[in-house]
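For reference, the structure is listed below as structure tokens.
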Amino acid sequence: MKFGGTSLEDEQAFQRVARIVSSNQSSNLVVIVSAMSGVTNALIKGFQRAGQGEASEALQTLERHFERHLKVISHLSATLREKMIVVIEQSRNEIIELLAHVSASRKTSSQPMDAMASHGERLSAKLLTSVLEEYGIPASYVDARLCIITNAEHGCAKPFLEETCRQTRAELQPLLKAKTVPVLGGFIGASKDGVTTTLGRGSSDYSATLISAALGAREVQIWTDVDGVMTADPDLVTSASTVSQLSYEEAAELARLGASVLHSKMIEPVVDQKIPVRILNSRAPERSGTLIWAGAEKTTQAVRAIANKTNLIRIDITSTPEFVANGFLGAIRNIFDRHYTQMEIVATSEVGISFACEEAGALSSLVQDLQQLGSVETKSRQAIISCVGDGVQSVDNSGKLLNILSEIDPALTWQNKSSHSLISMVDEDCVGPVVRQIHQGLFERGK
Ligand code: ASP
Ligand code: MG
């Protein structure tokens with residue numbers, strides 16, 4: 001069971017989680033947690049502030065969050081409470097030291113940043129362990145850095161699967177045999193020489209599926225604050241409804257293309273063993289949520305869900321037809337890999353390719369490198385809207401979809417025959433209206 005930050009936002013939320021764990025105690029459980037909501041952001045911001053020489057201001061901004069942690073344990077029995085007060089104080093002291101260090105050096109490198117960010121998950125996992133104990137559930141905090149072994153790419157470290165599998169089993173199986181619930185922080189790991197790493201923002205889901213795969217789990221449950229994967233972003237479409245089932249391919253595609261409850265890498269570890277993944281609501285645990293599994297029923301519907309991703313830049317590269325036909329795409333991919341940048345191709349033609357990528361860091365040097373391949377044009381503040389579902393592959397369905405899209409006339413529409421999605425690129429400002437219009441056409445017509 002993995003609980004996200006919004007399922008651990010305050011004392012009541014921790015109680016809800018304890019009740020959910022308690023009602024599933026008969027099964028062999030492992031619990032993975034995110035940091036309390038807002039804590040990772042606050043830690044990263046604080047770290048950056050310290051990097052500008054403002055260590056004490058940075059600490060000021062974090063005090064509120066230490067208070068929130070203290071509040072969670074305020075009604076525990078005296079012994080547990082005292083133990084946890086020491087734990088929180090220890091973490092605070094380590095953070096003060098880190099802040100002082102970056103403030104003095106004025107360097108915000110990613111290694112101490114990972115050390116800083118790791119405190120959120122380490123604390124919430126320790127807190128939940130004590131809350132579970134108070135509920136009479138035998139539970140034991142496990143340092144995830146002993147289980148998830150990664151390379152040293154700080155900020156987006158990649159796990160070594162064999163080591164992770166071996167370590168996770170060695171750490172967790174004895175506890176499971178003793179009927180004790182291991183509680184671990186997601187998001188964090190350690191390099192082979194024991195230095196703290198993180199797996200990328202929002203990656204606690206990924207930690208959960210990695211650990212599930214290592215243990216050969218029967219099921220993974222991702223507990224969040226919505227009912228599951230929705231037919232569209234509920235912030236944009238009030239009538240969005242829960243998707244009851246998804247295949248692994250559909251889920252992976254939705255995750256990649258921006259569905260907010262799914263982390264982009266979380267499906268990969270469970271596919272081989274066909275471990276089912278359930279997305280559930282910690283505020284309404286009786287609801288059935290979304291089930292991602294190998295037996296997902298095929299629907300006649302064209303699309304299971306619409307995902308959207310904003311804050312993208314559109315890049316068009318044109319070159320000679322000869323080059324485009326031979327080696328062009330490979331050369332482009334190499335450049336993106338070299339810059340650690342993900343891309344989403346949106347359209348290809350005889351003389352060029354258009355794609356979208358995240359509007360982040362080293363874009364200008366990326367563009368410079370791309371210019372060696374042809375002429376390059378860029379357009380920022382773009383978004384991609386993706387209709388995802390196995391049904392997209394049928395000619396009938398994609399015809400219907402293209403019909404809806406032609407009313408909207410997005411800048412570009414692209415369908416990859418081998419994949420399960422139809423992707424359109426629009427200006428960022430149009431995302432809301434376009435998603436609503438597509439949703440209406442696909443899910444609400446005739447209702
Ligand atoms: N707490 C981490 C983050 O905010 C990881 C997660 O929530 O999954 O990115
Ligand atoms: Mg998340």
Side-chain angles (χ1 to χ4, degrees), residues 1-10 13-14 17 30-48 61-62 64-66 68-69 72 91 95 98 108 110 112-128 141-145 147-148 150 153-159 164 183-190 196-212 220-226 228-229 251 254-256 258-270 277-282 309 311 342 358 360:
M1 290 180 156
K2 177 262 173 179
F3 296 93
T6 50
S7 299
L8 296 163
E9 61 183 355
D10 56 18
F14 273 78
V17 168
V30 176
V31 171
I32 323 277
V33 295
S34 292
M36 288 178 74
S37 58
V39 168
T40 309
N41 281 344
L43 289 169
I44 292 173
K45 271 201 190 138
F47 183 84
Q48 282 159 345
T61 64
L62 296 174
R64 184 170 82 80
H65 295 287
F66 295 122
R68 287 174 66 207
H69 286 84
V72 169
S91 184
I95 287 173
L98 266 166
T108 50
S110 53
M113 169 101 108
D114 275 353
M116 179 82 172
S118 73
H119 280 280
E121 269 70 11
R122 285 155 64 191
L123 273 178
S124 63
K126 287 175 185 166
L127 257 54
L128 183 63
Y141 170 74
V142 176
D143 191 333
R145 295 172 295 180
C147 299
I148 309 266
T150 71
E153 242 180 84
H154 289 277
C156 56
K158 313 271 176 309
T164 296
V183 184
L184 306 81
F187 177 56
I188 63 174
T196 302
T197 56
T198 61
L199 309 180
R201 293 306 306 270
S203 58
S204 293
D205 299 334
Y206 184 37
S207 304
T209 54
L210 282 168
I211 287 170
S212 303
V220 190
Q221 298 183 348
I222 304 289
W223 291 85
T224 176
D225 63 342
V226 290
V229 176
L254 274 170
R256 189 174 67 87
S260 60
V261 294
L262 301 171
H263 183 265
S264 61
K265 294 181 190 157
M266 67 180 278
I267 300 298
E268 195 189 293
V270 294
V277 180
R278 246 180 240 282
I279 316 288
L280 295 156
N281 188 344
S282 66
K309 209 173 191 174
N311 209 12
Q342 292 256 8
E358 256 159 67

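In listed order, ligands and their atoms are each counted from 1. Side chains included, hydrogens not; waters and symmetry mates left out as well; all remaining heavy atoms used.
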May I ask you to list the atoms of ligand 1 that are less than 4.0 angstrom from any heavy atom of R201?
3 (C), 4 (O), 9 (O)
May I ask whether S203 has any heavy atom positioned less than 4.0 angstrom from an atom of ligand 1?
yes
Examine the proximity of ligand 1 to S34 and report which part, side chain or backbone, both or neither, has a heavy atom under 4.0 Å away.
side chain
Please check whether T40 reaches ligand 1 - meaning an N/O of the residue sits under 3.5 Å from an N/O of the ligand, judged on distance alone.
yes
Nearest-0.5 Å distance that lies between atom OG in S282 and atom CE in M1
11.0 Å
Member of N41, L123, V39 meeting the side-chain contact (heavy atoms from CB on, under 4.5 Å) criterion with H65
V39
Indicate yes or no: does R122 engage D143 in a salt bridge with an N to O separation below 4.0 Å.
no
Could you tell me the separation between the NE2 atom of H119 and the NZ atom of K126, rounded to the nearest 0.5 Å?
8.5 Å
Check contact between E121 and ligand 1, using heavy atoms of the residue and a distance below 4.0 angstrom.
yes
Using a heavy-atom cut-off of under 4.0 Å, does the side chain or the backbone of A117 touch ligand 1, or both, or neither?
neither
Exercise: identify the closest heavy-atom pair between G155 and D114:
N-OD2, 3.0 Å
Heavy-atom contact check, 4.0 Å cutoff: does G202 meet ligand 1?
yes
Side chains of T150 and T197: any donor to acceptor distance under 3.5 Å?
yes
